[in-house]
Number of protein chains: 2
Amino acid sequence: MARAAGVSRATVSRVINGIRNVDPAIQERVRQAIALTGYAPNQAARSLVTRRTGVIALIASGAGSGEENPFPGQIFADPFFGRVAGGVVGHLRPLGVHPVLMFADTLESRDQIISFLRQGNADGAILISISAGDTLPKLLADASLPAVLFARPVRPIPISYVDVAHRTGGKLAADHLVARGCRRLATISGPLDLPASQDRLAGFQEAMAVHGHPYIPCAEGNFTFASGEAAMERLLAEHPGIDGVFVANDVMAQGALGVLGHHGRRVPGDVAVVGFDDSSAALACRPPLTTVRHPIEDMAAEMARLLLAHIEQPDLPVTSRIFEPILVVRESA
Amino acid sequence: MARAAGVSRATVSRVINGIRNVDPAIQERVRQAIALTGYAPNQAARSLVTRRTGVIALIASGAGSGEENPFPGQIFADPFFGRVAGGVVGHLRPLGVHPVLMFADTLESRDQIISFLRQGNADGAILISISAGDTLPKLLADASLPAVLFARPVRPIPISYVDVAHRTGGKLAADHLVARGCRRLATISGPLDLPASQDRLAGFQEAMAVHGHPYIPCAEGNFTFASGEAAMERLLAEHPGIDGVFVANDVMAQGALGVLGHHGRRVPGDVAVVGFDDSSAALACRPPLTTVRHPIEDMAAEMARLLLAHIEQPDLPVTSRIFEPILVVRESA
DNA sequence: CTGAAAGCGCTAACAA
DNA sequence: TTGTTAGCGCTTTCAG
């Protein structure tokens, strides 16, 4: 464009990038020419010199080293992932940064992601690991690509992360259930190879021990609806007298609620239920779910901040930031 | 890199881009040098000359012209959107194309999206409109940006789209419910300003008329869980004798199922329920939902094909492709 | 079959 | 304050 504005391209560039030291009159003239010609600067040319794309990778990372379902499954439909994605978009969009959706399910896809980043397709990555044994954090660290994890990695890795105090969450649930008068408690945990699951469980058990309940029956799930149902069935079969359950995420809690209803148990009358996440599933439960709120929006904001900082200053030391959960009391407990 | 390979960069480029006419020996030498040096070609430089990015925009477009929730809400958590996103990723990833997640909720965000595309940040767009009166399709067409819609636009617009035969879907549900012996039917529709909702409803009503039921009570919802509950409550209040319901999507059906249970109605014994989409919500229903399957993966594949074709040949005439739904019989009807 | 050279469109020194 | 100039790192004619 826009030497039709009667100035040099350098000046146009300065106006577009909001650099001062440009005569207001000329600034105006350039703006008009832009509006008139419908000029849109070429991002590739721009990235080539600025070495920045305004794009980050938002990665849902599962285990998988072989081949699986060709469709990145219902991960994207998980209310938890949805809330994270929403939080990230909400905070990055005003800054003109947009996320590329990626799914790391196979060895190949992990390599593809690393290449994608190394080629400068994106400036950094936000990684949401949904299973243990994920090798992507290490690959990212080894390639020293700017990245932030949504949760503490299984093994220590020099990479920044944001997490919630899972143990505190477990304790909140325990305290609430005990305060409500529950005496025969049980819990449905997430996959026990995940630190998050371990910590929620440990926090719950420890708090229960303090309340004088040294042993708590536990059924392991994998954060899916169906696994929540199955776990609840097992618990009910082995411990029919249960009067309170802490479930490690809302989606499983939703499944558990259905099973309880099926077995004629009233919630919260016969059995009180507390979930975890405060995802949209909590409001889709009947009765609405009392749950431990994962402050995802705050965490997403912090991840955005951290990632951008790492992008700006590649040698910034890695940090972690732990958020405190709170109990949201609704009707299920 | 890699004049360390002892060849010119032109040759390296040829090897990387898999262009023939390269001596196998040299080809091998280049590959080794690449592996050795860990060379990764710069995508910006590449895009600058090829005018292609390998990125497309995946847009969830709501209505909204003012300001709303700062967080792109639970759209991303909707099982329907999740399935579309998964289908798109599944088909584009093998081709080395990745989607940027965008949310068009405000006037401003729509402009931002158009700029994003015009600046060459992405080669084209896939748009999933989740409300009527969306102006984005028109903006895209006016800017003649390569784009494909997930559904027929409300008003005719010169832009390609992929859709499902909603009327057929409604008919499938009607035929099944009647064949099952239901006599007092009702339906919960989606927002009636959406063509998709209108067509599902019309298809259902017309088929019912053929079966001798000229009038079918209808309650309008907006595709959310809560609206499904509310609609079912209304229906039950006004027509307590209902013995079959066609619900325009699975998420609302899930809500309806809960309400029916609450009112002591057995499903499918007292009331049979048929949903629409066959999203993950259908399997999370109790009993599992009989539903009209939206062939989203096939549709996503077709969208990918169409979009890439439009990107290759900018003057390709617009087309549409309508897919046939099928009935998936489970336990709810 | 391979190399040399000319840009792609922009930003960022450096002059003026 | 503005214009000139030199690349950013690649692909792609065009010679050889």
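Since this is a predicted model, take the numbers as computed values, not measurements. Proteins come first, then strands; the chains are lettered A, B, ... in the order of their sequence lines, and each starts at number 1.
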Is any side-chain N or O of [X] closer than 4.0 Å to OP1 or OP2 of [N]?
| X | N | value |
| --- | --- | --- |
| B:T11 | C:dG3 | yes |
| B:N21 | C:dT2 | no |
| B:S8 | C:dT2 | no |

Is [Y] paired with [X] through a side-chain N to carboxylate O contact shorter than 4.0 Å?
| X | Y | value |
| --- | --- | --- |
| B:D111 | B:R118 | no |
| B:R110 | B:D134 | yes |
| B:E108 | A:R93 | no |

Rounding to an integer number of Å, can you tell me how far [X] [atom1] sits from [N] [atom2]?
| X | N | atom1 | atom2 | result |
| --- | --- | --- | --- | --- |
| B:Q119 | C:dC10 | CD | P | 10 Å |
| A:I16 | C:dT11 | CD1 | P | 7 Å |
| B:R29 | C:dC1 | CZ | P | 15 Å |
| A:R52 | D:dC8 | CZ | P | 18 Å |
| A:N17 | C:dC10 | CG | P | 11 Å |

Proximal nucleotide (of C:dT11, D:dG3, D:dT12) relative to the A:T50 side chain: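 For A:T50, the side-chain atoms sit closest to C:dT11.
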
Output one line per pair: protein atom, nucleotide atom from nucleotides 7-9 of chain C, and distance, for all N/O pairs under 3.5 Å.
unit_1, atom_1, unit_2, atom_2, d
C:dC8, O3', B:R51, NH2, 3.1
C:dG9, OP1, B:R51, NH2, 3.1
C:dG9, N2, A:A45, O, 3.3

Using ring centroids (six-membered ring only for Trp), state whether B:F76 and A:F76 fall under 6.0 Å.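 No - the distance between ring centres of A:F76 and B:F76 does not fall below the 6.0 Å cut-off.
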
Verify whether the ring centers belonging to B:H294 and B:F323 lie closer than 6.0 Å.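 Here the rings of B:F323 and B:H294 have centres that are no less than 6.0 Å from each other.
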
Short N/O separations, protein against nucleotides 13-16 of chain C, under 3.5 angstrom:
none

Do we get B:R83 above B:F81's six-membered ring, with its NZ or CZ under 6.0 Å from the centre and within 45° of the axis?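 No cation-pi geometry.
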
Quick one, B:D123 and B:P146 - any side-chain contact, counting heavy atoms below 4.5 Å?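 They are not in side-chain contact.
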
Would you say that A:V100 contacts A:F116 through its side chain, given a criterion of any heavy-atom pair below 4.5 Å between the two side chains?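 When only atoms from C-beta onward are counted, A:F116 and A:V100 do touch, with a gap below 4.5 Å.
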
Answer with yes or no whether the side chains of B:S47 and B:Q43 bring together a donor and an acceptor at under 3.5 Å.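 Yes, side-chain donor-acceptor contact under 3.5 Å.
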
